[in-house]
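Down below is the structure, laid out as structure tokens.
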Amino acid sequence: MTDFDIPPPLDPDARWPEGLSIRARTPADAPDIAALHNLPGYRYGTLRTPHHRPEEIRKGIENQSANFISLVAVLKDRIVGDVGMTHYANRRAHAGSIGMGVHDAYTGRGIGRALIGEILATADRWLDLKRIELTVYTDNETAIRLYERNGFVKEGHFKQFAFRDGEYVDAYSMARFRA
């Protein structure tokens with residue numbers, strides 16, 4: 001992919017790492033997304049279980065609902081992160097929920113910042129969402145700092161939220177509001 005082929009960020013003020021592109025995921029991405037989701041560091045920060053199969057991922061992509069947006073970050077033809085957003089309906093049409101992760105070998109390089117920036121630009125500039133929600137483990141300090149830098153605030157503390165690697169862990173609910 002050349003620089004000419006890389007679509008620019010939706011937010012004209014956003015700056016992505018050199019060579020990074022962010023695009024919608026496709027069924028052809030399933031093997032790379034499965035490999036990403038199976039990385040120990042990626043999995044540790046999410047609700048994902050081990051041993052995802054490409055077929056599961058492909059079916060999820062093919063059956064994706066219209067209210068779900070899923071993007072992948074690509075660097076040098078490698079998927080290095082992903083983000084998804086569910087846009088709610090009816091009385092919660094003003095809100096959405098996101099989840100994301102970055103490849104273990106690519107953390108600290110601005111990939112997460114670019115992914116959250118792009119999904120929030122979609123929420124703000126195209127869907128006019130006023131509330132974006134997420135859940136994050138209380139020990140994921142790097143993610144918490146990223147979310148706070150993007151306007152998220154802690155709303156609640158879930159005790160024994162999930163079972164991870166042999167023990168129960170707590171999580172925060174966080175949200176970002178826009179007038």
Side-chain angles (χ1 to χ4, degrees), residues 9-11 13-14 22 24-25 33 36-52 56-57 60-61 63-73 80-104 106-179:
L10 291 176
D11 179 352
D13 295 327
I22 297 177
R25 68 182 183 167
I33 293 171
L36 176 70
H37 291 183
N38 285 325
L39 291 169
Y42 180 101
R43 184 177 58 247
Y44 199 76
T46 71
L47 285 171
R48 299 197 178 280
T49 55
H51 309 299
H52 282 251
E56 293 173 275
I57 303 295
I61 294 169
N63 297 317
Q64 182 174 301
S65 67
N67 68 329
F68 186 72
I69 296 169
S70 184
L71 307 175
V72 292
V80 295
D82 63 350
V83 63
M85 179 174 63
T86 300
H87 175 196
Y88 299 129
N90 301 321
R91 294 176 60 190
R92 297 220 58 222
H94 67 290
S97 176
I98 64 170
M100 62 179 284
V102 175
H103 191 290
D104 293 12
Y106 290 84
T107 60
R109 298 185 189 190
I111 308 297
R113 177 181 43 82
L115 281 167
I116 197 165
E118 191 69 359
I119 205 72
L120 291 176
T122 303
D124 296 347
R125 301 168 72 90
W126 293 95
L127 300 174
D128 195 27
L129 298 184
K130 304 299 184 193
R131 175 185 171 85
I132 304 295
E133 307 162 346
L134 60 84
T135 304
V136 59
Y137 293 125
T138 58
D139 63 359
N140 193 342
E141 295 172 11
T142 302
I144 293 166
R145 282 193 306 274
L146 173 67
Y147 300 142
E148 289 175 338
R149 282 194 307 269
N150 282 276
F152 286 81
V153 295
K154 294 173 188 163
E155 290 190 304
H157 186 145
F158 299 117
K159 299 286 188 182
Q160 297 184 353
F161 177 75
F163 193 70
R164 179 187 66 187
D165 198 23
E167 63 185 10
Y168 287 97
V169 292
D170 292 359
Y172 294 125
S173 63
M174 298 183 76
R176 188 206 65 159
F177 306 94
R178 197 171 58 84

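The cationic atom of Arg48 (NZ for Lys, CZ for Arg) does not lie both less than 6.0 Å from the six-membered ring centre of Tyr42 and within 45° of the ring axis.
Formation of a donor-acceptor pair under 3.5 Å by the Ser173 side chain with backbone atoms of Thr135 is not found in this model. No donor-acceptor pair closer than 3.5 Å links the side chain of Tyr147 to the backbone N or O of Met174. Of the possible donor and acceptor atoms, one in the side chain of Lys130 sits under 3.5 Å from a partner among the backbone N and O of Ala179. For the pair Arg25 (side chain) and Ser70 (backbone), a donor-acceptor distance under 3.5 Å is absent. Checked by atom type and distance alone, the side chain of Glu56 never pairs as donor or acceptor with a backbone atom of Gly60 at under 3.5 Å. Here the side chain of Arg178 pairs a donor or acceptor atom with the backbone of Leu129 at under 3.5 angstrom. Using modelled atom types, one side-chain atom of Thr122 and one backbone atom of Glu118 make a donor-acceptor pair closer than 3.5 Å. Judged by distance alone, the side chain of Asn67 and the main-chain N or O of Thr86 form no donor-acceptor pair under 3.5 Å. When atom types are taken as modelled, the side chain of Asp11 and the backbone of Asp13 share a donor-acceptor pair closer than 3.5 angstrom.
Side-chain contact annotation: Asp170 with His157, donor-acceptor N/O pair under 3.5 Å present. For the 3.5 Å distance criterion, the side chains of His37 and Asp82 qualify, holding a donor opposite an acceptor.
The shortest side-chain heavy-atom distance between Asp104 and Pro40 falls under the 4.5 Å cut-off.
Shown here for Ala121 and Leu10, the closest heavy-atom pair between the two residues is CB-CB, 3.8 Å.
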Kindly indicate, with the supporting measurements, whether the criterion salt bridge (charged side-chain N to carboxylate O under 4.0 Å, His left out) is fulfilled by Asp124 and Arg176.
CA-CA 11 Å; Asp124 296 347; Arg176 188 206 65 159; 2.5 Å; yes
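Taking a 6.0 Å sphere around CD of Glu155, one finds it holds more than 12 heavy atoms contributed by other residues, nucleotides or ligands.
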